[in-house]
Amino acid sequence: MQISPLYNTPINWANKTPFFLHYLLINKPNRKLFQSRRRRPYFNTSRSNISRSGVFFEGMPTDSIYKTSGGYGGGDENGSLRNFKLNESTFLASLMPKKEIGADRFIEAHPQYDGRGTIIAIFDSGVDPAASGLQVTSDGKPKVLDVIDCTGSGDIDTSKVVKADANGCIQGASGASLVVNSSWKNPSGEWHVGYKFLFELLTGTLTSRLKKERKKKWDEKNQEEIAKAVKHLDEFNQKHSNPEDADLKRVREDLQNRIDLLRKQADIYDDKGPIIDAVVWHDGELWRAALDTQSLEDDSDCGKLANFVPLTNYRIERKYGVFSKLDACTFVLNVYSDGNILCIVTDSSPHGTHVAGIATAFHPKESLLNGVAPGAQLISCKIGATRLGSMETGTGLTRAVIAAVEHKCDLINMSYGEPTLLPDYGRFVDLVNEVVNKHRIIFVSSAGNSGPALSTVGAPGGTSSSIIGVGAYVSPAMAAGAHCVVEPPAEGLEYTWSSRGPTSDGDLGVSISAPGGAVAPVPTWTLQKRMLMNGTSMASPSACGGIALLISAMKAEGIPVSPYSVRKALENTSVPVGESPADKLSTGQGLMQVDRAHEYARQSRNIPCVWYEIKVNQSGKTTPTSRGIYLRDASACKQPTEWTVQVEPKFHEGASNLEELVCFEECIELHSTEKTVVRAPEYLLLTNNGRSFNIVVDPTKLSDGLHYYEVYGVDCRAPWRGPIFRIPVTITKPMKVKNQPPVVSFSGMSFVPGHIERRYIEVPLGATWVEATMRTSGFDTTRRFFVDTVQICPLQRPLKWESVVTFSSPTAKSFAFPVVGGQTMELAVAQFWSSGIGSHETTIVDFEIVFHGIAINKEEIILDGSEAPVRIDAESLLSSEKLAPAAILNKIRVPYRPVDAKLSTLTESRDKLPSGKQTLALTLTYKFKLEDGAAVKPQVPLLNNRIYDTKFESQFYMISDTNKRVYAMGDVYPNAAKLPKGEYNLQLYLRHDNVQYLEKMKQLVLFIERNLDGKEVIHLNFFSEPDGPVMGNGAFKSSVLVPGKKEAIYLGPPVKDKLPKNAPQGSILLGSISYGKLSFAGEEGRSPQKNPVSYQITYVVPPNKVDEDKGKSSSTNLKTVSERLEEEVRDAKIRVISSLKQDTDEERSEWKKLSASLKSEYPNYTPLLAKILEGLLSQSNVEDKIRHHEEQFTCACILQVIDAANEVIDSIDQDEVAKFFLHKSDPEDEEAEKMKKQMETTRDQLAEALYQKGLALMEIESLKGETAETEGTKDLFEDNFKELQKWVDTKSSKYGILLVLRERRRGRLGAALKALNEMIQDNGDPPKKKLYELKLSLLDEIGWDHLTTHEKEWMHVRFPPSLPLF
């Protein structure tokens, strides 16, 4: 292929045949669209590990062929390698490729146009300002202008304000005593405090490294304590070899308990990480912040708050800090909301720093490793939330756009994305359109890594008209240098995994291509300077850096900069990659060339900045409107079709009506790349108001396979401009399956490393799954293949199945996957670029596809809760199939409505949209309860699973217990979280600038979903008769379906007593149902998910059955009316005293008067005395908070409790109660059962009185510092405890504290800790803070400092003062 030097002499586009007119029919397969739940950055760091479990994949060459521009060490101008040899300089240059896009030539010719004067916003996982090459620009300016966490994952609530004491000490939010530096200016004297767990700020990789280091040190300390404990036990055993005394035995047991506790602690150790205390203040000019990181350091003198160098918002002073030498993690601080929010900004993965390095890194001593635009500056907009594992959030995206506009950025690079339901649609796309069209920011984004199958471009990069979507290219030098392959490809090509167009609405998808791999800077916490990553994530910043060079030149030369003109310059000067027109679907217009784009921009400086919006409709139809023509299915290829194309010139907002819009008029010459297939008018007069014209597409004479054409317009007065707009026409004409049974075979397909074969097949109507066999031959070393299929259905993400297959020797492998009948299926088979390199053996592949299908009259089955079965009509349209239905219900969804809804306006500048509107937030609170521990997943059907293709801005949820401990958080892609039994709050946070949208969401239904336990899973039964579920006959197992004949079966509802417990009315049981069976499968199972295709089944839980005992008459009451009335009055008075508040002195006085009156009226009535004791306990708690410093007053209160407890004890005839429980009562005797309940209540009241008396006696001992003995002979506590032991298990969670205190009182701290741990473990309720405080005091008393520190960290996890900020 010959490449003309662009714009040394202008190209006459009207007369010459441009590269995109040379068409070859391509019929090579592609790689599959990734159907991931989550979206991720488009990159990969591994060269050898092939992963299909995420959006990013490693791979290399595709079927595209192109001679790269700028050869290394020989070859023609465009990089064709024949005798390829790297030297040191070309090797280093290959690590940060620039020659491929002409960047090195451009900077060599124009040293001052190296990105100077341009600012790039990096929308990513965050940029480390301390990373190599990211400190200054080539002209000495600061490289990183601002570092922002747009996700809120680093936000700390610092609304709590404290003042320092005379010694300059303040109490931090964690409870630690902090000393502020006396030199810090703080005119108000107010210090805002908050805290954060370090691990909440760090990546998973760094956290794992730190946990290993911390665990190592912790283990050393724990082993020291174990050694001490063993020594003490040995010493005791030597002194008491065979102790008979009970006390000595208990001492020995206590020593052994200590050893056991330490060893067990090592097994259950769970490190939540150290706590960082944060302090914020205003120094009279700026908000400043400091951190106390002592908990991170081994040296107690390091990390003190007073030694911290205060930081202000990064954009002001551009300073950063490092937490500690161990983590080596850089952070910056930003203060918001008048000091009430401090954001600690860290990166959520190395990805963002790597991206920034490719675009802008500057190494004064290593120029070959410079980024593409070393003179450019950048701002880091972190959109990947650390708390979500670096996934982007709607809030993060919106705030990033706001920041880019605020900083007047020239460019945005975003190397994130995911598959989309609707192209060029959604809230974020609307914001992007605004920043591009109004604020003239050029938006560059990765196309995705889900190739090589067609229609795999991701949102937003590959699907949005305002964004320049970039594909990933690899040159031979990159392969040999950066990837270290044994034998690089002979010519440059698109990476195998780079996503392909067109979009589902016919747009090209990929705009241009750029190098998709580099060895670039990474954060300091990785403990290395650079790292290899490859993906379209790397191609995008490479292109962005190249565009920064172009903008730098245009600004210096006074050329107007517009996203419209810059994009046109890039696309019309790119060098095509590959020899086929269809390669445009892989590479866009080709490999960008900075120098040629610069020449184009110079010639176009006086051309109006216009974007040509293309809207295409099939003639006679108003919907759908598309951006190109995409004929994919067989029905669209059977006859010619006419299409109406509307071309509308779009000027930037603010363009002059008189000077630009009125004057705009262009004479357009229309061209078709293949007039026998696509016919268009010859000319078009285009004005500001736009113009429409018709084109006719005739695919009837085309062969099966992929065909790509374009209709493009050329300015008659300036044909050198090239195409000023293009209408892509993509046709995938599928082959028809004619065999019966339906079998398709592709024989003798030849593969070399990186080669791809594509086939397009019209899936027969009635087909629901495929059984395929792949046979390989003719090779020596191991071969690995991608095997992918893609189908496109309306308003769905592309349906993709994928597999990685490894062949160590010639053999055959089988697959099965679902398909949709009547839709075109693309089969893509690709040999990995690295598979078979150096072998020179061609791999021969034979691929056979057999279509199977069982058609049913209803795909989604809903059982309405009644006893009626659901009729299902099944038939086979293709060939005989075995009908072997299976259905299970294995999930439950319980619906909830919010108990509270709060709407607020977010007043911070970071939430003020570029349009000037302020963002609003709606916080919905839901409450739910789990009777047993379970993994739950919140589901909001309206909002889930869409982040780009939705008009809602963002959502976020947190699940917390009654102690405010957060167990789970998530966004549009909820994850299951394991929760213990208990009560929970779920807060759902929604954002938008339209209050009407949020008002409609105030009663939003949310489902809590959990998987049913194994025993709860319901296997449903099938019947051949409608009365089968009730009569119990006519069970259906299997049969053979014959084509043309339907068979009816009935699906019975679940048996009511098999329904899971805690399934309230209105809940939904979910599961799956399947009908077919694989021909190569073994024994049929009862799990539909294991079958080739399954469908969702739903069961609505009906109302519970009426309680059979309800309404039964009770036994005859023998008491008179007068007696019953007296009892009712008495019980009513007791209820009144129980309900009285005791918050004030007046209320407490009233309570005392009433209790005294009732005691005199009902002397020795145990229920009354028990309530009075309960009231005194409540009263003492209130007074303790008010007068806790008055010891004398406290003692008086405790003595009142003891007296009240004694009154309860004395009122009970303990002998009578004891005698009653010696005999078993008859459960059939209602009177006996009633008496049993009364006696159980009396026993419980006695136990509670003894328990509270014991606690009070211990409290008096602690206050007086002596045991509660009288005349030195009687131990009141011990006597009381022994009484309690007669009635209850003192090891239980209800009374265990008294046992713990008893063991502690006797000096047996090991036994006390053991009892306390068992009590905590057995307690099914949410953790009680007092238990853990007691545990801390015991650990402190023993002297196990390492365990004390560990428990203190966990106290902040279990009992945080408030919920985290959204």
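Bear in mind the structure is a predicted one, so any value in this text is a computation, not a measurement.
The residues E557 and R605 are annotated as not salt-bridged, no charged nitrogen and carboxylate oxygen being separated by less than 4.0 angstrom. The residues E599 and R602 are annotated as salt-bridged, a charged nitrogen and a carboxylate oxygen being separated by less than 4.0 angstrom. A salt bridge is defined here as a Lys NZ or Arg NE, NH1 or NH2 lying under 4.0 Å from an Asp or Glu carboxylate O, and D698 with R679 fails to meet this definition. Salt bridge present: R721 and E666 bring a charged side-chain N and a carboxylate O closer than 4.0 Å.
For the pair S499 and T456, the tightest heavy-atom approach, listed with the atom from each and the gap, is OG-O, 3.1 Å. The shortest heavy-atom contact between L591 and E100 is CD2-O, 3.1 Å. Here the closest non-hydrogen pair linking Q593 and G102 is OE1-N, 4.1 Å. Nearest heavy atoms, Q791 versus T824: CG-O, 3.4 Å. Scanning both residues, A543 and V444, for their nearest heavy atoms gives CB-CG1, 4.4 Å. A pairwise comparison of heavy atoms in I731 and P699 identifies CD1-CB, 4.0 Å as the closest pair.
Note: K615 NZ to Q646 CD = 7.5 Å, rounded to the nearest 0.5 Å. Going from atom CG of L422 over to atom CG of D949 covers 6.0 Å, rounded to the nearest 0.5 Å. Atom CD1 of I629 and atom CG of D505 lie 12.0 Å apart (nearest 0.5 Å).
The backbone N or O of T536 sits nowhere less than 3.5 Å from a side-chain atom of S540 that would complete a donor-acceptor pair. Side-chain atoms of D633 never come within 3.5 Å of backbone atoms of G822 as a donor-acceptor pair (strictly under, hydrogens ignored). Side-chain N or O atoms of S511 include none that pairs as donor or acceptor with a backbone N or O of I468 at under 3.5 Å. The backbone N or O of P649 lies less than 3.5 Å from no partner atom in the side chain of E613, so there is not a single donor-acceptor pair. Between the side chain of S619 and the backbone N or O of E642 there is at least one donor-acceptor pair closer than 3.5 Å.
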Original post:
Can you list the steps and then say if V577 with S586 is a side-chain contact (heavy atoms from CB on, under 4.5 Å)?
Top reply: CA-CA 9 Å; V577 179; S586 299; over 6 Å; no

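Within a 6.0 Å radius of NZ in K736, no more than 12 heavy atoms belonging to other residues, nucleotides or ligands are found. More than 12 heavy atoms of other shown residues, nucleotides or ligands fall within 6.0 angstrom of atom CG in L685. By the 6.0 Å contact criterion, CD on Q639 is enclosed, its count of non-hydrogen atoms from other residues, nucleotides or ligands being greater than 12.
For the pair K555 and Y113, the cation does not sit on the ring face, since its NZ or CZ is not both under 6.0 Å from the ring centre and inside 45° of the axis.
Classification of the F725-F693 ring pair by plane angle, with boundaries at 30° and 60°, yields tilted.
Screening T625, T644, T622, T623 for a side chain to side chain donor-acceptor pair (under 3.5 Å) involving N617 leaves a single residue, T625.
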